[in-house]
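The basis for the numbers below is simple: all heavy atoms, side chains too, and nothing from hydrogens, waters or symmetry mates. Just so it is clear, the model here is predicted, and its values are computed rather than measured. Each ligand, and each atom within it, is numbered from 1 in the order the structure gives.
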Amino acid sequence: NLARQCPPDKDQLGRATWTFLHTAAAYYPVLPSPAQRSQMLALIQALPALYPCSHCAEDFGEKVAENPPDVSSRSGLSRWFCERHNEVNEKLGKEAFDCTKTDERWNEGPKDGSCD
Ligand code: FAD
């Protein structure tokens with residue numbers, strides 16, 4: 001792989017950010033407190049303003065406005081991020097991810113040790 005490692009390009013940034021967001025969702029409380037809910041909402045709502053790929057951030061902001069974040073539970077949040085990621089996958093012509101598999105991918109790990 002001859003891709004430069006630094007500074008990160010749009011794809012490296014995207015992989016790192018999705019890793020953070022899906023992992024944060026996979027370890028989000030099953031029953032979050034009101035403070036945890038508002039902190040997660042603030043994190044999501046900051047992304048359209050601060051994500052350092054301006055056209056990505058703009059499209060993501062529109063999707064967040066159309067689909068209010070579900071910060072009510074671990075499973076709801078994991079699904080919400082999965083659906084938003086699938087919207088980007090679709091836009092880029094990539095396969096949709098099966099949103100029943102978010103725990104397997106981002107928390108438990110697949111039984112055979114593979115990741116994709
Ligand atoms: P990624 O899409 O980065 O996925 C990483 C891993 O996540 C995959 O290997 C898979 O195991 C898993 N995964 C895939 N889909 C899902 C899912 N739905 N739910 C859970 N896990 C999943 N790039 C652009 O070119 N244009 C954009 O407008 C754009 N907008 C973005 C907006 C945001 C908020 C973010 C975080 C990223 C955006 N990106 C955008 C980057 C893009 O989504 C990818 O990260 C990048 O193209 C690299 O893709 P990849 O194939 O390596 O895997």
Heavy-atom nearest option to atom 13 (N) of ligand 1, drawn from E90, E95, H22, H85: H85
Of the listed options K91, Q12, R15, closest to atom 53 (O) of ligand 1 (non-hydrogen atoms): R15
Could you check whether any side-chain N or O of [X] sits under 3.5 Å from a backbone N or O of [Y], counting only pairs where one atom can act as donor and the other as acceptor?
X: N107; Y: A26; value: yes
X: N86; Y: N89; value: no
X: R37; Y: P32; value: yes
X: T23; Y: F20; value: no
X: Q12; Y: D9; value: yes
X: Y28; Y: V71; value: yes
X: W80; Y: N67; value: yes

Looking at [atom], what's its closest protein heavy atom, distance included?
atom: atom 17 (C) of ligand 1; answer: F97 CB, 3.3 Å
atom: atom 41 (C) of ligand 1; answer: G14 CA, 3.8 Å
atom: atom 8 (C) of ligand 1; answer: D116 OD1, 3.7 Å
atom: atom 43 (O) of ligand 1; answer: W18 NE1, 2.8 Å
atom: atom 32 (C) of ligand 1; answer: C56 CB, 3.9 Å
atom: atom 7 (O) of ligand 1; answer: W106 CZ2, 3.2 Å
atom: atom 46 (C) of ligand 1; answer: D11 OD1, 3.5 Å
atom: atom 49 (O) of ligand 1; answer: K94 NZ, 2.7 Å

Distance-only N or O hit between ligand 1 and N86, under 3.5 Å: yes
Within-cut-off N or O pair, F60 and ligand 1, under 3.5 Å: no
side-chain contact (heavy atoms from CB on, under 4.5 Å) evaluation trace for W106 with S78: CA-CA 9 Å; W106 296 106; S78 296; over 6 Å; no
Heavy atoms of other groups near K101 NZ, more than 12 under 6.0 Å: no
Side-chain ion pair, R79 and E83, N-O less than 4.0 Å: yes
Parallel, tilted or perpendicular: rings of H22 and H85 (30°, 60°): parallel
Region of [X] that comes within reach of ligand 1 [heavy atoms, distance under 4.0 Å]:
X: L92; value: side chain
X: R105; value: side chain
X: E83; value: neither
X: N89; value: side chain
X: T17; value: side chain
X: V88; value: side chain
X: F81; value: neither

Pairing residues for S114 by the side chain to side chain donor-acceptor pair (under 3.5 Å) criterion, not counting sequence neighbours: D112
Partner set under side chain to side chain donor-acceptor pair (under 3.5 Å) for K63, not counting sequence neighbours: none
Ligand-side contact atoms (ligand 1) for residue partner K10, heavy atom cut-off under 4.0 Å: 24 (C), 25 (O)
Y51 neighbourhood, listing ligand 1 atoms whose heavy-atom distance to it stays under 4.0 Å: 35 (C), 36 (C), 37 (C)
